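See structure below.
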Amino acid sequence: MERKKHTLQTLFKKVTDSIPITWLTCYDYPTAYLQEKAGIDMILVGDSLGMTILGYEGTLPVTMDTMILHTQAVRRGAPNTFIVGDMPYMTYQPSTETAIRNAGRFMAEAGCDAVKLEGGIEMCDRIRGIVNAGIPCIGHLGLTPQSVSALGGFRVQGKGAEQAKRIIESAKAIEEAGAFMILFEMVPDRILKLIKERAKDCIIMSLGSGPDGDGQLLIYHDMFGLFPKFKPRMAKVFGNAGEVILKGLSQYVSEVTNRSFPQPENYFKIPDEEYKKLLTMI
Ligand code: KIV
């Protein structure tokens with residue numbers, strides 16, 4: 001039976017009922033189908049696809065058109081999951097108007113339920129503009145990959161008291177700007193707990209920031225051994241699909257090479273009569 005469509009209301013109900021929200025990245029139709037079937041609440045079509053799918057070193061080259069294409073495929077595979085479009089680099093930083101236009105594309109062209117953008121207090125006017133345009137918006141604090149150069153690499157954010165204070169202040173400002181959810185990436189667990197205790201009407205999600213939020217996000221490719229370059233510490237491997245696929249590919253190479261593939265069940269035959277007739281015709 002198809003499950004009921006997840007909405008803002010069903011997400012907040014989970015928070016009220018103290019049931020953790022499950023959230024994963026996803027960029028394609030078959031994976032979206034499986035994630036919905038498994039009961040995942042939310043999908044992030046992340047600009048991490050620049051690395052996991054397109055093989056770039058980082059997320060900056062990802063364009064809005066690429067995000068729309070992948071989000072449309074995900075929506076077809078997961079019609080009842082709460083889908084979040086991740087605003088790529090320079091699609092919201094230049095101005096509030098740019099942010100609203102691109103957030104609108106995610107909603108109108110790709111059927112998203114919400115958008116996410118990175119950044120703290122300096123992004124509050126973008127968030128306010130998007131929310132005032134009627135689009136649910138999610139903030140993203142801590143390690144924000146689009147600013148990885150300014151942050152000095154992929155590292156934990158908020159280990160020092162000064163930096164932790166800035167993250168807590170940004171969280172408050174983003175909530176006041178209207179974000180219904182904030183994702184914290186690679187922030188120490190006790191900082192996340194402090195933020196959760198202070199949040200009033202905002203869902204607090206964790207990626208490598210401990211168990212004390214309202215739910216967890218993981219990068220799908222890290223969970224299944226599908227990203228060959230590195231495995232971040234925060235990612236748990238729930239199954240090594242990469243290993244299974246590599247084994248299958250090697251077997252294919254050897255079976256084609258030694259002619260044990262294909263077998264008769266893998267191809268099609270023309271009836272004898274038709275074949276004889278054909279030979280007289282050519
Ligand atoms: O693009 C993405 O997948 C993200 C996660 C790293 C949070 O923004």
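Owing to the predicted nature of the structure, the values given are computational and were not obtained by experimental measurement. Hydrogens, waters and symmetry mates are skipped; everything else that's a heavy atom, side chains included, is used. Start at 1 and go down the list; that is how both ligands and their atoms are numbered.
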Looking only at protein heavy atoms, which one is nearest to [atom], and what is the separation?
| atom | answer |
| --- | --- |
| atom 7 (C) of ligand 1 | Leu183 CD2, 3.3 Å |
| atom 8 (O) of ligand 1 | Lys116 NZ, 3.0 Å |
| atom 6 (C) of ligand 1 | Glu185 OE1, 3.5 Å |
| atom 3 (O) of ligand 1 | Ser48 OG, 2.5 Å |

State the NE2-OH distance between His221 and Tyr27, to the nearest 0.5 angstrom.
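Atom-to-atom, His221:NE2 and Tyr27:OH are 6.0 Å apart.
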
Under-4.0 Å salt bridge between [X] and [Y]:
| X | Y | answer |
| --- | --- | --- |
| Lys116 | Asp47 | no |
| Lys14 | Asp41 | yes |
| Glu176 | Lys172 | yes |

Step-by-step ring-ring contact (aromatic ring centres under 6.0 Å, His included) determination, Phe184 to His140
CA-CA 6 Å; Phe184 292 85; His140 180 170; 9.0 Å; no

With a 4.0 Å cut-off on heavy atoms, does Leu217 reach ligand 1?
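Under 4.0 Å: yes for Leu217.
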
Distance-only donor-acceptor check, side chains Glu185 and Gln157, under 3.5 Å:
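Glu185 vs Gln157: no donor-acceptor pair found between side chains.
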
Taking atom types as modelled, find out whether Arg126 and Thr98 have a side-chain donor-acceptor pair closer than 3.5 angstrom.
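No, no side-chain donor-acceptor contact under 3.5 Å.
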
Taking 4.0 angstrom as the limit and counting only heavy atoms of [X], give me the atoms of ligand 1 inside it, by number and element.
| X | value |
| --- | --- |
| Gly46 | 1 (O), 2 (C), 3 (O) |
| Ile219 | 3 (O), 5 (C), 6 (C) |
| Asp86 | 1 (O), 2 (C), 4 (C), 8 (O) |
| His140 | 7 (C), 8 (O) |
| Thr25 | 3 (O) |

Ligand 1 contact on [X] by region, counting heavy-atom pairs under 4.0 Å:
| X | answer |
| --- | --- |
| Asp47 | both |
| Leu44 | side chain |
| Leu207 | side chain |

Once you measure the plane-to-plane angle for Phe230 and Phe227, does it fall in the parallel (<30°), tilted (30-60°) or perpendicular (>60°) bin?
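If you compare the ring of Phe230 with that of Phe227, the planes turn out perpendicular.
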
